[in-house]
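Remember, it's 1-based here, ligands and their atoms both numbered in the order they're listed.
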Amino acid sequence: MSRDLTLDDFMAGLVKRNPGELEFHQAVREVAHDIIPFVLDNPKYQQAGIIRRITEPDRIIIFRVVWEDDSGRVRVNRGYRVQFNNAIGPYKGGLRFHPSVNLSILKFLGFEQVFKNSLTTLPLGAGKGGSDFNPKGKSNREIMRFCQSFMTELANHIGPNIDVPAGDIGVGAQEISFMFGQYKRINREFSGILTGKAMEFGGSRIRTEATGYGCAFFMEHMLNQRGDSIRGKRCIISGSGNVAVFCAEKVTQLGGTVLTLSDSSGFIYDPDGISPEKLAWVKDLKFRRRGRIEDYTNHFSGATFYPGNRPWNVTADLAFPCATQNELNDIDAKDLCSNGCIAVAEGANMPSTIDAIRLFHQHGVLFGPGKAANAGGVAVSGLEMSQNSMRLTWSADEMEQKLEAIMGSIHSECVQYGSDSDPINYVKGANIAGFIKVAEAMLAYGVV
Ligand code: NDP
């Protein structure tokens, strides 16, 4: 890599090697923007070709998943596991079941995971996987048959010291249970090969809540750094899945008022705030009845449903995008800035576009990127692995304290490398802090 390598030169090569993978290009560009100047200032990384190596997955496994639906029809989906980097620990990262899943999305998620897992301070490598299978509208038996078929192949590639997947969009406690049961049956072995398990068979307390809670903690740290806090703030949240709902729960516990939630059909706005009682109803709607968020307005007067829209033009102090990638663009960012939003913490992975992030920085809005703000989920997954290895279970209080401490230390790492600008550049801080640990390990291994 020459001394005068530019971001555009590097990206041109990456795009050529990975044609058409737009989400992957976007994720790498965002990181390379901060890492290239750092590497040019630190020739040891440059000489060892670390940027080129860290953007190339260790391996990618793609496989056919065949299953039978309830009418006896044979269905075929595609399964993936991207084992991105195991320099600092076994591959670790979620499985996503959604019709939009493709290699570009999984490579972007796996790449982000490298930095996120490094930031957690735990020994976790990075991976991501899933399938274009759509669990929506499927019966429980169909989901079971799909999960069993998916795991029959995936089982060849994972293990407690090799690769330990978890959940993500479309993969919750039920899917994890079906897959864990199938692994156990095939290998005749009870071991911690998945996280997000139920408490009865090796799960961890607070794992379900961890990503959302961690995101709220990260926001609290960003505000505390400025002598402020979540208390009394109006908050808008997108999504109504695992991350969104528990982010809403912790934000409320910290004294904020949550005004919105959403799903892929639109968003609900409740000017009175989504109280703990209303949130309990949403949990039942989403996790048990698998219903639509629109139904909220049939139960709680004063709330409005906005079909096909996202919540970003609602006036609020704090925003938490917790649904999916690229759900907040430059137009949304302009709305947020002009409505007085002071901070954004990403519960989802890469929900804000590069242009939106640029606008937040220009307007002095505190911006916590997903790789830092949503790392609580994988951190507690790491602690689930520790508990499995030690064959013990920590209490909910202990787990929440550990989660809070980890989010505090991630925040400090970001501040350490991102405080040369005002406000603190958490994107740069997270990218550089996450990079150093993995790059040092890769250097130590020599040319591999
Ligand atoms: P869930 O499947 O539980 O919920 C996803 C939510 O996002 C649902 O409300 C869903 O609506 C909505 N959504 C999905 N796709 C779209 C879309 N294209 N447009 C609008 N809304 C959409 O997933 P999670 O809560 O687990 O994950 C949410 C995000 O958080 C993802 O980016 C994930 O990668 C990230 N994340 C998750 C972690 C975890 O521990 N679960 C850890 C770290 C990051 P609908 O029901 O209509 O599809």
Quiz prompt | Ring centroid separation Tyr426 to His411 under 6.0 Å | solution = yes
Quiz prompt | Lys/Arg-Asp/Glu bridge criterion (N-O < 4.0 Å) met for Arg205, Glu400 | solution = no
Quiz prompt | Sole candidate of Val243, Leu109, Thr324 that passes side-chain contact (heavy atoms from CB on, under 4.5 Å) when paired with Asn349 | solution = Leu109
Quiz item: Which of these passes ring-ring contact (aromatic ring centres under 6.0 Å, His included) with Phe150: Phe133, Phe97, Tyr183, Trp67?
Solution: Phe97
Exercise. Scan for salt bridge (Lys or Arg N to Asp or Glu O under 4.0 Å) pairs involving residues 121-136, sequence neighbours excluded, and state none if there are none.
Key: Lys128-Asp168
Give a table of atom pairs where an N or O of ligand 1 lies under 3.5 Å from a protein N or O.
unit_1, atom_1, unit_2, atom_2, d
ligand 1, 2 (O), Gly170, N, 3.2
ligand 1, 3 (O), Asn242, N, 2.9
ligand 1, 9 (O), Ser240, N, 2.9
ligand 1, 9 (O), Ser240, OG, 3.3
ligand 1, 11 (O), Ser264, N, 3.3
ligand 1, 25 (O), Asn242, N, 3.2
ligand 1, 25 (O), Val243, N, 2.9
ligand 1, 32 (O), Asn349, N, 3.2
ligand 1, 34 (O), Arg96, NH2, 2.9
ligand 1, 34 (O), Asp168, OD1, 2.6
ligand 1, 34 (O), Asp168, OD2, 3.3
ligand 1, 34 (O), Asn349, ND2, 2.8
ligand 1, 40 (O), Arg207, NH1, 3.4
ligand 1, 40 (O), Arg207, NH2, 3.1
ligand 1, 40 (O), Thr211, OG1, 2.7
ligand 1, 47 (O), Ser264, N, 2.9
ligand 1, 47 (O), Ser264, OG, 2.5
ligand 1, 47 (O), Arg292, NH1, 3.3
ligand 1, 47 (O), Arg292, NH2, 2.7
ligand 1, 48 (O), Lys136, NZ, 2.8

Exercise. Evaluate the ring planes of Tyr213 and Phe217, with Trp represented by its six-membered ring, and classify them as parallel (under 30°), tilted (30 to 60°) or perpendicular (over 60°).
Key: perpendicular
